[in-house]
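Heads up: the structure comes next, in structure tokens.
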Amino acid sequence: MDEFLGIVGLFAFAIMAGAICGIVAIAQLSNLKQEITQLKAKVLSLELANNAQRHAGDADKSTDKSTACSTAEHAYTAQANSNEATFNQVSPNQSNQPSQPRGQVKTPASAIKPPANASASKHKQGSKNLKPTLFTSFFEKLRSDFEQNWMTWIGAIALALGGIFLAKYSLEAGLLSPAMRLTLGGLFGGGLIAAAAYMHYKNSVFEGFNNYIPAALASGGFITCFALTLLAYSSYNMISPLTAFVVLGVIAISASAMAIMLGPVLAVLGIIGAYCVPVLINTGSNNLFALYMYIGFVSLSAALVAHKVQRAWLWYLLWAGHLSWYVVGFTLANSSTIWLMGTYGLLSIIGLIAVPRLGLKLAVVETRPHSLKRLISALPSNPLMLACIVPLLLAMLFDSTNYLQWQIINALSILTLLFLVLKNSRWDLWQGVAMLIAVLWLLSTPSYYADYSDSLFIFRHQYGGAIFLGLALSVYGLYFGIKWQPKRLAFHITASFSVFIMIATLYAIIPNHALATVYPLWAVILLTSSAILIKCAIGGATLFQRFTYWVGANANITLAITMLLNDSGLTIALAIQVLLISVLINRYRVPMPHWPIKALVAALLLRLTLSPWTPSYEALSVLGVHWSLVVYPLCVVLFYTAAKCFNASQLKVWLEGAALHCLALFITTETSYQLVGHYPQFDSLSFYEQALLTCNWLALGCVYLHRARIAGSLAKLYQVAGIALAGAAGVTALSTLLNANPFLSSIYIGEYFVFNWLFLLWLVPAGLVLWLYTLIKPLYTKAAPFILTVAGVLSVLAINGFIRQYWQGPYIYLSTGASNAELYSYSVIWLVLGAITVVLGHLKNQLLIQKIGLGLLAAVILKVFLVDMANLTGLLKALSFIGLGLSLVGLSWLFQKLRSQAKPA
């Protein structure tokens with residue numbers, strides 16, 4: 001098996017070496033092609049120069065050519081100098097090497113003769129190459145470096161892997177005693193490091209390799225020493241944890257010192273190799289403490305190197321390796337190592353973020369305030385902090401058995417973040433992260449820790465801890481926000497909302513039966529905090545400071561009032577908060593961003609939309625009446641009043657839309673509730689609910705489409721909502737027509753003429769569809785005729801239904817037949833309506849209305865001949881025809897008169 005693995009390894013190495021040689025060959029071929037192109041350009045320039053001498057009489061042309069040659073020469077010289085500078089930057093240790101290695105002759109750029117002429121396209125391309133992008137420059141350096149030193153790189157990797165596999169093989173085969181194996185490995189690693197130091201001291205430079213040979217040897221030696229130390233501690237137990245700690249520290253510091261001397265190549269190979277050691281030598285012990293100790297010292301060494309060498313990509317390599325092993329550690333964690341993961345995460349924040357930015361003494365570096373955009377874009381601090389905190393929070397949410405350990409870790413995390421905020425104002429948003437940690441800790445705490453039978457539970461476990469955290473964070477924000485940093489808004493926000501957020505979280509998780517016990521204490525805390533914030537707002541130094549304290553005080557008062565009410569009370573309180581914030585913005589002229597108010601309004605609308613179908617709201621009452629009779633109208637008034645505070649702002653449209661949505665919810669839900677005693681159940685709607693919903697949704701759809709005309713950037717949203725509501729109304733109306741049609745089924749429609757269920761079933765929808773037609777026509781011209789046809793059908797159904805209800809009573813299904821009087825009434829009414837329609841069409845000069853009226857008259861005439869006069873005889877039949885004829889003649893005279901009056905106009 002070992003022989004087979006050896007053959008596979010050699011085969012893979014041969015393939016890799018061949019691929020590298022191929023890459024080098026391609027690069028050399030590319031250089032040859034460039035040289036050939038330059039030679040062709042030189043030949044072409046010489047030919048053009050000879051032609052120019054033959055035509056020396058033309059002075060102007062000769063001058064133009066000389067100018068072109070001079071421009072090309074300057075561009076080519078600049079390109080050569082740029083290439084030379086790029087090559088010189090590839091060297092890993094410029095300061096420690098002579099400007100020119102022995103045995104090399106450097107040709108100055110000026111000695112290279114540029115072509116005498118250059119075309120316009122080549123000149124543009126040369127101008128572009130004078131300013132290469134950072135991405136192109138980086139890969140050009142990498143390619144040049146690899147072409148010259150690929151053999152050294154492969155040798156360094158092979159040395160490092162050889163030392164590691166030698167240690168691994170000695171472990172598996174048991175050839176030598178543990179002490180002898182470690183001794184031989186240590187001699188091998190130490191020999192490599194000594195050879196690298198000697199070569200660097202003697203300044204041994206090989207042609208084309210510069211300082212890479214010592215760096216490669218040293219990297220292999222340090223990786224071997226890292227592996228042997230970990231092996232001695234984890235597998236052989238030959239050294240204690242403290243000894244391993246010290247040895248790894250010495251190796252890391254030594255590697256850092258030598259990497260600073262030999263350049264970044266040693267740093268790259270050393271960092272990669274050091275992070276890969278736990279993978280290459282897996283002892284199977286799953287010792288998380290040893291792993292984190294080892295990774296910590298590797299990261300410390302890499303940080304020192306990256307700081308001294310000043311290479312940004314070394315920091316990226318360090319962060320990737322350190323955080324990757326941090327995440328891997330969670331897969332090996334158990335209840336006894338939670339403290340270790342927390343400690344590792346917090347130390348990572350200090351080591352990866354605080355120390356590089358603040359120094360070892362963690363000195364204050366910046367206190368000036370920053371905008372929200374600048375705080376969010378604090379790179380790489382914010383992503384690194386989240387990478388350290390988020391895994392801890394996720395582990396806490398999925399682990400409910402180690403409450404006390406997570407409580408300590410969360411407390412230390414909050415203290416660490418708040419301490420670092422004081423050192424650098426660019427980290428002000430970390431106060432929000434600290435608040436989020438506290439909230440998640442509350443939400444993840446098991447409920448069985450609280451004994452609600454004991455009235456003192458409000459001071460214990462998560463309830464007492466939450467109150468303490470809220471007060472502590474508020475004091476923290478007040479102290480540093482007022483006394484030390486009044487212009488940093490984050491402190492004032494923390495002071496204003498800490499108590500509110502913590503008590504609101506407790507209010508959300510506490511059982512209803514225990515609320516009466518905690519409410520007096522919570523109300524006192526909230527009202528006292530509001531009084532303090534109002535006092536601070538009166539004496540506030542800045543506009544934003546006063547505004548923040550006012551909003552925080554209002555939030556506390558609102559929450560205190562909410563807890564006196566029921567579930568709908570919170571909705572009302574939040575709506576009042578929207579109004580209060582709007583009034584404060586308008587009063588103090590605060591240039592506050594709109595997205596917080598929009599987010600609050602959106603959350604309120606979602607709550608209001610889902611409430612009717614939430615079980616706890618079914619029998620809820622406010623002030624002795626059903627909750628929707630109070631909450632929805634009140635929210636409409638509050639949102640509309642808040643919109644008045646923003647005269648010329650997009651937020652005005654947003655708040656008016658929120659008021660309109662509340663009105664829509666009120667109409668949709670309350671009508672059904674008052675009718676059938678519950679909110680609409682869309683899978684089992686009755687005939688009467690379908691009629692109501694058709695009217696409601698059509699009306700709301702038309703209102704939304706009408707509002708889209710003045711909604712600005714929200715126009716598309718209103719259009720989509722309006723069309724969706726109109727479509728839902730159409731589906732409901734079609735379902736009623738097919739399944740619950742009073743003409744086809746025995747359905748009670750009411751005793752009163754006109755004012756019965758047919759009024760809501762067909763007449764009101766007909767008028768709304770006509771309104772919909774006027775709104776849709778400018779948007780979707782092709783759909784307008786269809787909508788107008790629907791309006792006509794609904795009108796015909798409504799009028800015929802009213803006539804039949806007058807003669808038949810509350811049941812109008814067709815199977816009961818019709819009397820002659822009912823049949824005549826259809827003819828008379830439709831004759832009058834047809835005539836009115838034609839006259840209206842002439843007055844409005846609308847050909848479509850005229851055609852509709854003429855169609856109605858034709859239908860009436862056809863009905864009279866086929867139905868009404870079919871059973872008449874004698875004098876009645878004659879009088880009927882005479883009356884019909886006179887009517888038609890009179891209508892014809894009236895139409896001609898109207899037409900003659902309309903022509904002069």
Side-chain angles (χ1 to χ4, degrees), residues 134 312 315-316 318-320 322-323 326-327 345-346 348-358 362 364-394 410 413-440 473-474 476-477 480-481 484-498 500-501 505 542-545 547-549 551-552 555 581 585 590-603 649-651 654 713:
L134 180 63
W315 286 107
Y316 301 148
L318 160 64
W319 298 333
H322 184 90
L323 296 175
Y326 176 48
V327 175
L346 297 180
S348 297
I349 294 177
I350 296 175
L352 299 182
I353 306 174
V355 172
R357 181 71 174 135
L358 308 177
L362 300 180
V364 178
V365 297
E366 193 169 1
T367 58
R368 61 190 178 96
H370 298 279
S371 64
L372 178 62
K373 182 179 180 180
R374 184 169 173 80
L375 292 177
I376 294 176
S377 62
L379 300 176
S381 301
N382 288 344
L384 287 176
M385 182 272 298
L386 292 176
C388 296
I389 292 295
V390 170
L392 288 175
L393 296 179
L394 293 176
N410 288 328
S413 300
I414 293 173
L415 289 175
T416 301
L417 294 179
L418 296 182
F419 171 75
L420 293 178
V421 165
L422 301 177
K423 300 297 182 179
N424 188 358
S425 58
R426 285 296 301 275
W427 300 337
D428 275 350
L429 287 182
W430 292 11
Q431 298 180 56
V433 178
M435 183 65 65
L436 178 62
I437 293 173
V439 171
L440 292 178
L473 289 171
S474 182
Y476 170 86
F480 290 102
W484 296 103
Q485 300 293 331
K487 294 185 178 180
R488 288 169 65 175
L489 185 61
F491 285 123
H492 306 304
I493 294 176
T494 301
S496 301
F497 295 100
S498 296
F500 171 80
I501 291 175
T505 306
T542 64
L543 181 62
F544 272 109
Q545 182 178 345
F547 175 79
T548 303
Y549 288 145
V551 174
I581 294 174
I585 291 176
V590 180
M592 180 180 177
H594 291 167
W595 65 264
I597 301 179
K598 290 181 177 180
L600 179 58
V601 172
S649 172
Q650 186 64 28
L651 193 57
W654 185 279
S713 61

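Just so we're clear, the structure is a prediction, and the values are computed from it rather than from any experiment. Along the sequence shown, residues carry numbers from 1.
In this structure, L346 CG and S413 OG are separated by 4.0 Å, a value rounded to the nearest 0.5 Å. Rounding to the nearest 0.5 angstrom, the gap separating the CG atom in L489 from the CG atom in L372 is 9.5 Å. How far CG of L384 is from CZ of R357: 13.5 Å, rounded to the nearest 0.5 Å. Atom CD1 of I350 sits about 10.5 Å away from atom SG of C388, to the nearest 0.5 Å. Atom CD1 of I597 is separated from atom CG of L651 by 5.0 Å, given to the nearest 0.5 angstrom. Put simply, CG on L393 and CG on N410 are 7.0 Å apart, with the number rounded to the nearest 0.5 Å.
For G481 against F491, the heavy-atom pair with the smallest separation is CA-CB, 3.6 Å. Considering all non-hydrogen atoms of both residues, A387 and Y326 come closest at O-CE2, 3.7 Å. D428 and A490 make their closest contact through CB-CB, 3.6 Å (heavy atoms, listed as atom of the first residue, atom of the second, distance). Residue L418 comes nearest to L473 through the heavy atom pair CD1-CD2, 3.5 Å, listed as atom of the first residue, atom of the second, then distance. The nearest pair of heavy atoms linking N424 to R488 is O-NH2, 4.1 Å. Contact detail for H322 and L352: the closest heavy-atom pair is CD2-CD1, 3.6 Å.
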Residues V327, L323; criterion side chain to side chain contact (heavy atoms under 4.5 Å, CB included); working and verdict: CA-CA 6 Å; V327 175; L323 296 175; 5.5 Å; no

Evaluate side chain to side chain contact (heavy atoms under 4.5 Å, CB included) for I414 paired with Y476, printing each intermediate quantity in order. CA-CA 12 Å; I414 293 173; Y476 170 86; over 6 Å; no

Test side chain to side chain contact (heavy atoms under 4.5 Å, CB included) on I437 and L417 and set out the steps. CA-CA 11 Å; I437 293 173; L417 294 179; 3.9 Å; yes

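A donor-acceptor contact shorter than 3.5 Å links the side chain of R426 to the backbone of R374. Side chain of N382 to backbone of I376: a donor-acceptor contact under 3.5 angstrom is found.
F419 pairs by the ring-ring contact (aromatic ring centres under 6.0 Å, His included) definition with nothing, not counting sequence neighbours. Residues satisfying the side chain to side chain donor-acceptor pair (under 3.5 Å) test with T494, not counting sequence neighbours, are Q431.
Note: W430 and W427 have parallel aromatic rings, judged against thresholds of 30 and 60 degrees for the angle between ring planes.
The local environment of NZ in K487 is sparse, with at most 12 non-hydrogen atoms from other residues, nucleotides or ligands closer than 6.0 Å.
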